[in-house]
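Below you'll find the structure, written out as structure tokens, and then a few comments.
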Amino acid sequence: MPTWTVLELLRKDPEAYRAVFKKRGMNESLLEEALKLDSLYLSKLKEIEALRSEHNKYSKLVREAKSQEEKTKYISIVRELASRIDEEEKKFQEIKNAWENILKKLPNILADDVPVGFSDEENVPVRGWGKAKVPSSKLKEFYEQTEKWGVRLDYEVIEKEPVPHADMLEYVLGMGDTQQAGKIASSRFYYLFDDLVWLDFALSLLALDMLARKGYRLVIPPYMIRTKVLESALDYDTFKDMIYKIEDEDLNLIGTAEHPILALLYDNPVREEDLPIKLAGWSACFRKEAGAGNRDLKGIFRVHQFHKVEQFVFAHPSDSWGFLEEMTRNTEEILQALELPYRVVKVVSGEIGLGVAKKYDVEVWYPSQGRFREIASISHLIDWQAFRGNLTFIRKSDGRREYVHTLNGTGLPTTRAITAILENHQQSDGAVYIPKALRKYLESIPSAPKDYIHPRKKSAFP
RNA sequence: GCCGGGGUCGCCCAGCCUGGUAGGGCGCCGGCCUGCUAAGCCGGUGGGGGAAACCCCGCGCGGGUUCAAAUCCCGCCCCCGGCGCCA
């Protein structure tokens, strides 16, 4: 395999790597074990190679032997060696498996400017945008999530309590049904109706169009992938309870387009001059949301199935960092087009994810909750995923392989964007304002709403 | 699902029948030569270990036979063609 940042650091500067464990709040016994296993692996590897070398030497002599007598002699030596190699290889295979397993558990390095901390509340806001509607009862909370950190957002104090998105959806607009969906599927599923269907499409179109105009290639990926491919994308042990698996087949429903897009280069090297490869994917996403408990059970904020536009970049190691900023800006521009007030936070070392070197979350203001909620997340994985999935490019100078860098980021998750719109763009008469940037995607559709989504006239069904 | 053909280095292909150092072409990189954007010639171009010499591994994946497997045998995956079935 080409040089992997993590393995290189483990071998050349274990103490620097230990600092990563400390920052992430990880148990260092994993590091000790990795160091021990790696040196055991290397010494056993050399031992076996020496034996195999002997074996090859005598095997060659068998072929070149002049007499039958000589031949018989060499064959018996080779036989002897073969059985020793067999024995040693069994032991080595165990070591190798353990070695590979532990490599897959190792955390990525961290960027120098990742804040050290172990809870979401320590995430560091870096900037904000928009004009937030803040209920007078939530002013203190708003301050604590913005100006306290030196991040300024315009705001307007509202006296009337905002309607939570779930109530907007089901009772004010009458365009969602989570009760019946719960009955026929389970909680966290939903029916969306009428104008919200158009809104869902329009949101996808807006995000795809903005990214396509920035040079991102559009893609609809497979919605199911093999387990070993998924393992290359993430720390499978941690995530396996979150993933829907197809019965009797080695297929998993994707939780995000990130994974099948990443797999475009799975065992499929590209040429150096093809980098960077920038993609904007659209897919349905399926998530068990195990461990979410009772959080966000109402409405469609946290659901098992939704549509999402995803940004993905395969980058050259020499210039990958700029894309983290570029992709974050892209997300911000989409939210600005939707006129949604948001803040960007740098995620702390303890919450960043095993494979991630640096991550920004983008959070939209929810007036009824008095807090910013995550709508997007942009991560730089360096060569962590590339190592697992063997994602390489062929160096032009010498034809050798090198790992690509991968970055992924939310473009726009549509159902969550709908909740943000229902919260931020609700009017006193129950209608919902449609941001101007979305309108051109609705204009060509005669039955679609154009400037406002109005509550549905009551009828018996649903 | 059945029958047949196929999967070999970034791409195209040979080698398989008859087991014994994986070869050619294209592309790319470097060098040489010739002064002219060309052609020609030489070398390099899968992975690992090693300071290096060099050694080990690698022919879709996994097993087996053998002193020795790209090559023979078994299972699986994928691609192409034909047949069947079909929202």
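All chains are named by letter (A, B, ...) in the order of the sequence lines, taking the proteins before the strands, and each is independently numbered beginning at 1. This is a predicted model, so every value here is computed, not measured.
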Original post:
Roughly how far apart, to the nearest Å, are rC3(B) and rC57(B) at atom C1'?
Top reply: 37 Å
Original post:
Do Asn330(A) and Gln311(A) have a side chain donor and acceptor closer than 3.5 Å?
Top reply: yes
**OP:** Between rU21(B) and rC79(B), how far apart are the P atoms? Round to whole Å, please.
**Re:** 34 Å
**OP:** Both distances under 3.5 Å, Watson-Crick or G-U wobble: report the partner of rC54(B), or none.
**Re:** rG49(B)
**OP:** May I ask you to say whether Glu326(A) pairs ionically with Lys214(A), meaning some side-chain N is under 4.0 Å from a carboxylate O?
**Re:** no
**OP:** Kindly say whether the aromatic ring centers of Phe92(A) and Tyr41(A) come within a distance under 6.0 Å.
**Re:** yes
Original post:
Taking a pair as Watson-Crick or G-U wobble with both distances under 3.5 Å, which nucleotide is matched to rA70(B)?
Top reply: none
Subject >> Rounded distance in Å between the P positions of rC83(B) and rA22(B) >> reply: 43 Å
**OP:** Sort out the partner of rA22(B) for me: Watson-Crick or G-U wobble, both distances under 3.5 Å, none otherwise.
**Re:** none
Original post:
Does rG40(B) pair with anything, Watson-Crick or G-U wobble, both distances under 3.5 Å, and if so, with which nucleotide?
Top reply: rC32(B)
Subject >> Contact state string [nucleotides 52-59 of chain B, B base, S sugar-phosphate only, - no protein heavy atom under 4.0 Å] >> reply: ---BBS--
Subject >> Spacing of the P atoms in rG43(B) and rG58(B) (rounded, Å) >> reply: 27 Å
Original post:
Would you call Asp296(A)-Arg188(A) a salt bridge at under 4.0 Å N-O?
Top reply: no
**OP:** Verify whether one side chain among Asp361(A) and Ser377(A) offers a donor that lies under 3.5 Å from an acceptor in the other.
**Re:** yes
Subject >> Spacing of the P atoms in rG31(B) and rA69(B) (rounded, Å) >> reply: 41 Å
Subject >> Between rC77(B) and rC26(B) - C1' atom distance, rounded Å >> reply: 29 Å
Subject >> rC28(B) phosphate, OP1 or OP2, under 4.0 Å from Lys396(A) side-chain N/O >> reply: no
Subject >> Pairing of Glu89(A) and Arg52(A) as salt bridge, 4.0 angstrom limit >> reply: yes
**OP:** Look at Arg395(A) together with Glu402(A) and state whether they make a salt bridge at an N to O cut-off of under 4.0 Å.
**Re:** yes
Subject >> Separation between the C1' atoms of rG63(B) and rA53(B), rounded to whole Å >> reply: 37 Å
**OP:** In whole angstrom, give me the gap between the P atoms of rG47(B) and rC61(B).
**Re:** 16 Å
**OP:** Among the candidates rG49(B), rG47(B), rG20(B), find the nucleotide nearest to the side-chain atoms of Leu42(A).
**Re:** rG49(B)
Subject >> Separation of rG50(B) P from Tyr41(A) OH (nearest whole Å) >> reply: 10 Å
Original post:
Do the side-chain N and O atoms of Ser283(A) and Glu310(A) include a donor-acceptor pair separated by under 3.5 angstrom?
Top reply: no
Original post:
Do the charged groups of Glu289(A) and Arg302(A) touch, with an N to O distance under 4.0 Å?
Top reply: yes
Subject >> Heavy-atom protein contacts under 4.0 Å, nucleotides 62-79 of chain B, coded B base, S sugar-phosphate only, - none >> reply: -----BS--------SS-
